[in-house]
Chemist: 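My questions will all concern the structure given below.
Worth saying up front: this structure is predicted, and the values here are computed from it rather than measured.
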Amino acid sequence: MCKCYIISNIMALDRNNGKFPIEKIGINNASVINAFCSKHDKELFSVIEDKEFIFTDEQIFMLAYRAISRELYLKYCSTESNKNMKEYDKGQSKEIQLLIHMISNHMTKGTDLAIRDLEKLKSLYDEKLLENSFNSIKYYCILIDNVPEIMSSAGWLPELDFNNKILLDLNDKNIMFNSLTVSTIGLKDRKGAIVFAWLDVIDSKACIEFIKSLNEIPDDYKGSAILKWLFECNENIYWSEDWWNTIEVDKQKELIDSMMNIMSRGPSLKDYKSFSSCLSWKINEIKTNINL
């Protein structure tokens, strides 16, 4: 995957008819997570960067830890950018001004609450890491026959499942929400995996229900369901230019439009079958430590 695409920033909305355009970036820039200095990043994640990934509890824990750390780091950054976002509308069309204000309000509303929960969750991960205790990590790993064309490391509040059943009330500010993490990784022999994981020390019911709904999907459609979910609910995705160019233009548009849905009507995951032609993942194995 020598060339990647990423969704561009809010300032590009006006010149792209109110849509987030995609931009080409180098693979090295796509993989950078600036939550740690290079020294500590190397030390912390050597177990997944320098060793063969064999799905130990420790390796899966560290994938989740990296995703949670990244989410918290970006939320800290968001507190600053949210303050200035509404200033971006100067000189823009009325439609773009309204869109910028809508996005700003949406992002500002949840940032403080997200930081509250992520700080608590990160501290729980820190405790387990310092204790070298990794058996509280729960996971669902899909092993596929090729390196994923889409790379991601992120955390998500599992607010709904693949039947669009609501799992969380995100308006309830009295609840600490657990985050489901996803990491798409390459393995040896040009194979890959999609690793879902969470820390089972606080309420994990929504994480489990989401995974159950994914597990119930026939293997032939699991790839398209994950593809839909990544574009619909995930802010940190990068994808191969070669793969993107194989997708029909109307499907490219549908995927990009999916990324705007969360700003308007909220996510919807039920219509994943329409993307079945976009990926050709063959599932070799599913590894999990939860009862399904």
Side-chain angles (χ1 to χ4, degrees), residues 1-7 22 27 30-31 48 52-55 59-60 63-64 67 138-156 158 160-163 180-198 207 210-259 267-290 292:
M1 192 183 296
C2 59
K3 295 178 182 177
C4 298
Y5 284 113
I6 184 176
I7 295 301
I22 57 174
I27 184 63
S31 61
I48 54 179
E52 180 184 350
F53 198 91
I54 57 174
F55 298 90
Q59 287 179 317
I60 295 172
L63 284 179
K138 299 300 179 184
Y139 58 82
Y140 181 88
C141 309
I142 300 176
L143 284 65
I144 59 175
D145 63 343
N146 60 280
V147 176
E149 297 89 343
I150 308 163
M151 288 298 176
S152 179
S153 173
W156 179 65
L160 77 167
D161 67 10
F162 284 99
N163 298 309
L180 175 77
T181 68
V182 64
S183 304
T184 58
I185 60 174
L187 303 173
K188 70 175 185 177
D189 299 328
R190 299 190 61 79
K191 293 180 172 58
I194 300 89
V195 180
F196 295 94
W198 62 95
C207 297
F210 174 82
I211 292 300
K212 283 184 176 179
S213 74
L214 173 59
N215 187 64
E216 289 171 358
I217 295 172
D219 284 358
D220 288 346
Y221 288 108
K222 280 188 172 69
S224 58
I226 292 170
L227 175 64
K228 170 69 172 175
W229 174 75
L230 284 170
F231 273 80
E232 188 92 13
C233 302
N234 196 324
E235 298 174 1
N236 182 45
I237 58 173
Y238 307 88
W239 60 90
S240 157
E241 178 183 28
D242 290 341
W243 166 74
W244 188 249
N245 290 337
T246 66
I247 300 176
E248 297 176 1
V249 173
D250 62 330
K251 293 302 177 184
Q252 292 181 357
K253 182 179 182 300
E254 284 184 50
L255 288 170
I256 298 304
D257 287 346
S258 291
M259 303 193 82
S268 175
L269 301 178
K270 195 173 183 179
D271 55 344
Y272 56 83
K273 288 185 178 180
S274 64
F275 299 105
S276 60
S277 64
C278 297
L279 288 172
S280 58
W281 292 350
K282 177 184 176 183
I283 296 178
N284 294 330
E285 184 182 357
I286 292 177
K287 295 179 181 287
T288 184
N289 63 351
I290 62 173
L292 295 171

Chemist: If only atom types and distance count, is the side chain of N289 paired as donor or acceptor with the main-chain N or O of Y139 below 3.5 Å?
Modeler: yes
Chemist: Can you find a heavy atom in the side chain of T288 that is under 4.5 Å from one in the side chain of N215?
Modeler: no
Chemist: Kindly say whether V195 contributes a backbone atom to a donor-acceptor pair with the side chain of S183 at under 3.5 angstrom?
Modeler: no
Chemist: Nearest 0.5 Å, please: how far is CD in E254 from NZ in K228?
Modeler: 7.5 Å
Chemist: Is K251 reaching over with its side chain to a backbone N or O of S274, donor-acceptor style, under 3.5 angstrom?
Modeler: yes
Chemist: Please check this pair: side chain of D161 against backbone of N163, looking for a donor-acceptor N/O pair closer than 3.5 Å.
Modeler: yes
Chemist: How about L214 and W229: do any of their side-chain heavy atoms sit closer than 4.5 Å?
Modeler: no
Chemist: Does W244 form a side chain to side chain contact (heavy atoms under 4.5 Å, CB included) with L255? I'd like the steps, not just the answer.
Modeler: CA-CA 11 Å; W244 188 249; L255 288 170; 3.8 Å; yes
Chemist: Does the side chain of L63 come within less than 4.5 Å of T181's, by heavy atoms?
Modeler: no
Chemist: Between C207 and K138, does a side chain to side chain contact (heavy atoms under 4.5 Å, CB included) hold up when you go through it step by step?
Modeler: CA-CA 10 Å; C207 297; K138 299 300 179 184; over 6 Å; no
Chemist: Quick check: are there more than 12 heavy atoms from other residues, nucleotides or ligands sitting under 6.0 Å from CZ of F55?
Modeler: yes
Chemist: Roughly how far, to the nearest 0.5 Å, is the CG atom of N245 from the CD atom of Q252?
Modeler: 7.0 Å
Chemist: Counting C-beta onward and ignoring hydrogens, is there a side-chain heavy-atom pair between I286 and Y140 closer than 4.5 Å?
Modeler: yes
Chemist: Closest approach of I150 and T184, non-hydrogen atoms and distance?
Modeler: O-OG1, 3.0 Å
Chemist: Picking from Y238, W281, W239, what satisfies side-chain hydrogen bond (donor to acceptor under 3.5 Å, both in side chains) with E149?
Modeler: W281
Chemist: Could you tell me whether F210 and W198 have their ring centroids closer than 6.0 angstrom?
Modeler: no
Chemist: Atom CG in D145, atom NZ in K191: separation rounded to 0.5 Å?
Modeler: 7.5 Å
Chemist: Do L160 and L269 have side chains that approach each other closer than 4.5 Å (heavy atoms only, starting at C-beta)?
Modeler: yes
Chemist: Measure the CD1-CE distance between I194 and M151 for me, rounded to the nearest 0.5 Å.
Modeler: 9.0 Å
Chemist: Run the ring-ring contact (aromatic ring centres under 6.0 Å, His included) test against F275 and tell me which residues pass, sequence neighbours left out.
Modeler: none
Chemist: For a quick test of reading the model, state the closest non-hydrogen atom pair linking Q59 to E52 and the distance between them.
Modeler: NE2-O, 2.9 Å
Chemist: Provide the closest heavy-atom pair for G192 versus P148 in the form atom of the first, atom of the second, distance.
Modeler: CA-CD, 3.8 Å
Chemist: Are any non-hydrogen side-chain atoms of I185 and I48 less than 4.5 angstrom apart?
Modeler: no
Chemist: Within this structure, what is the CG-CD1 distance for the pair L227 and I247, rounded to the nearest 0.5 Å?
Modeler: 6.5 Å
Chemist: Under a 4.5 Å cut-off applied to non-hydrogen side-chain atoms, are W156 and V182 in contact?
Modeler: no
Chemist: Do F53 and I60 have side-chain heavy atoms sitting under 4.5 Å apart?
Modeler: yes
Chemist: Atom CD1 in I226, atom CG in N234: separation rounded to 0.5 Å?
Modeler: 12.0 Å
Chemist: Quick one: salt bridge (Lys or Arg N to Asp or Glu O under 4.0 Å) partners of K222, sequence neighbours excluded?
Modeler: D219
Chemist: Sequence neighbours left out, what passes salt bridge (Lys or Arg N to Asp or Glu O under 4.0 Å) with K287? Give chain and number order.
Modeler: E285
